[in-house]
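Note that ligands are numbered from 1 as they come in the structure, with each ligand's atoms numbered from 1 the same way.
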Amino acid sequence: MEEIKTPIHVAIIMDGNGRWAKENNLPRNAGHRKGTKTLETIIKHANQIGIQYLTVYAFSTENWNRPQNEVDGLIKLFRKYLDEHIKKAPREEIRFNAIGDIFSPNIPKELREKILHLQEITKDKKGLCFNMAFNYGGRDEIIRACKNIASDIKLKHIDCEMINEDLFSQYLDTGHQPDPDLMIRTSGEIRTSNFLPWQLTYSEFYFTTCLWPEFTIEEFNLAIDEYKRRKRRFGKSE
Ligand code: FPP
């Protein structure tokens with residue numbers, strides 16, 4: 001029998017924080033706070049079951065258009081997450097990595113410094129790689145990759161003939177990482193919303209109506225079990 005493999009890379013669109021807050025008569029930021037707790041639980045569990053990469057959509061390039069008070073609440077949560085994990089880093093196994101345009105002037109300087117600091121002090125960790133997609137947009141990532149390729153051609157570091165799928169992938173924020181095997185989206189929305197458009201080409205998709213703040217280890221395991229039942233053909237026949 002074919003060995004049933006745990007996915008190497010799981011990507012998640014953590015959707016439904018706002019609806020959860022509304023259902024519970026709470027402000028939207030309370031949904032994001034509860035969502036952060038869910039995320040902490042899932043990161044820990046994913047690491048324990050041997051997943052090597054977990055990429056989550058934490059803040060998109062479009063999320064700046066939300067009401068200022070919600071954006072401020074989210075930024076506060078990221079700052080808190082970074083501060084706590086900078087403190088805990090010596091005792092942790094998780095490698096932290098941000099994807100997205102973290103050098104954009106939209107991002108407060110001290111937040112960017114914390115992101116870079118947490119990346120630096122966890123870069124040799126042997127556990128799960130946690131990719132936080134922050135100020136991330138898939139089309140924006142592809143355009144930034146194209147600009148960097150054009151600049152490297154101009155500097156004669158590469159030439160046009162060398163461009164192929166492998167080389168292009170290396171210019172994306174996920175660099176040398178494998179593409180996600182499985183993409184989970186919570187809250188019942190069935191779309192990918194500019195999340196990893198290049199990398200998700202052959203990923204298995206799993207949609208659940210569960211709202212992100214209520215997502216549990218059991219729900220996560222259901223997605224993994226469903227993934228294990230899928231037959232992946234990558235465009236080939238049986
Ligand atoms: C989508 O729900 C969720 C977001 C835009 C933010 C996700 C962020 C977190 C869970 C927390 C932060 C992560 C870290 C690393 C601290 P929504 O608000 O669009 O929900 P709705 O569709 O029900 O309104």
> Just by distance, do the side chain of Arg230 and the backbone of Phe205 share a donor-acceptor pair under 3.5 Å?
Replying inline: yes
>> A side-chain contact here means heavy atoms from C-beta on lying under 4.5 Å apart; do Ile99 and Leu196 qualify?
In response: yes
> How close does the nearest protein non-hydrogen atom get to atom 10 (C) of ligand 1, and which residue and atom is it?
Replying inline: Asn17 ND2, 3.4 Å
> atom 7 (C) of ligand 1: which protein heavy atom is closest, and how many Å away?
Replying inline: Ala58 O, 3.5 Å
> Any nitrogen or oxygen of Asp15, main chain or side chain, under 3.5 Å from a nitrogen or oxygen of ligand 1?
Replying inline: yes
>> Donor-acceptor check, side chain of Arg28 to backbone of Asn69, threshold 3.5 angstrom: yes or no?
In response: no
> Phe234 vs Tyr202 aromatic rings, parallel, tilted or perpendicular, using cut-offs 30° and 60°?
Replying inline: tilted
>> Among all protein heavy atoms in this structure, tell me which lies nearest to atom 1 (C) of ligand 1, with the distance rounded to 0.1 Å.
In response: Met14 O, 3.3 Å
>> Is it the case that the side chains of Asp152 and Tyr171 hold a donor-acceptor pair, with the cut-off being a distance below 3.5 Å and no angle test?
In response: yes
> Hey, which atoms in ligand 1 end up nearer than 4.0 Å to a heavy atom of Leu39?
Replying inline: 13 (C), 14 (C), 15 (C)
> For atom 11 (C) of ligand 1, what is the nearest protein heavy atom, given as residue, atom name and distance?
Replying inline: Thr36 OG1, 3.3 Å
> Do Lys114 side-chain atoms and Leu82 backbone N/O form a donor-acceptor pair below 3.5 Å?
Replying inline: no
>> Among all protein heavy atoms in this structure, tell me which lies nearest to atom 5 (C) of ligand 1, with the distance rounded to 0.1 Å.
In response: Asn63 OD1, 3.7 Å
> Which ligand 1 atoms does Met132 reach within 4.0 Å, using its non-hydrogen atoms?
Replying inline: 15 (C)
> Heavy-atom distance to atom 14 (C) of ligand 1: which of Phe78, Trp20, Phe96 wins?
Replying inline: Phe78
>> With a 4.0 Å cut-off on heavy atoms, is Ser187 in contact with ligand 1?
In response: no
> Of all the atoms in ligand 1, which lie at a distance below 4.0 Å from a heavy atom belonging to Tyr81?
Replying inline: 16 (C)
>> Below 30° counts as parallel, above 60° as perpendicular, anything between as tilted: where do the rings of Phe134 and Phe59 land?
In response: tilted
> Got a donor-acceptor contact below 3.5 angstrom from the Thr209 side chain to the Gly188 backbone?
Replying inline: no
> Heavy-atom contacts under 4.0 Å between Thr38 and ligand 1: side chain, backbone, both, or neither?
Replying inline: neither
>> Is a donor from one side chain sitting under 3.5 angstrom from an acceptor on the other, for Trp198 and Ser169?
In response: yes
> Which residue supplies the protein heavy atom nearest to atom 4 (C) of ligand 1, what is that atom called, and how far is it?
Replying inline: His32 CE1, 4.0 Å
> Donor-acceptor pair, Asp179 side chain versus Leu200 backbone, under 3.5 Å?
Replying inline: no
> When you measure from atom 17 (P) of ligand 1 to each heavy atom in Lys37, Arg19, Arg66, which option holds the nearest one?
Replying inline: Arg66
>> Check this for me - ligand 1, Arg28, N or O atoms closer than 3.5 angstrom, yes or no?
In response: yes
> What atoms of ligand 1 come within less than 4.0 Å of a heavy atom belonging to Gly18?
Replying inline: 17 (P), 18 (O), 20 (O), 21 (P), 23 (O), 24 (O)
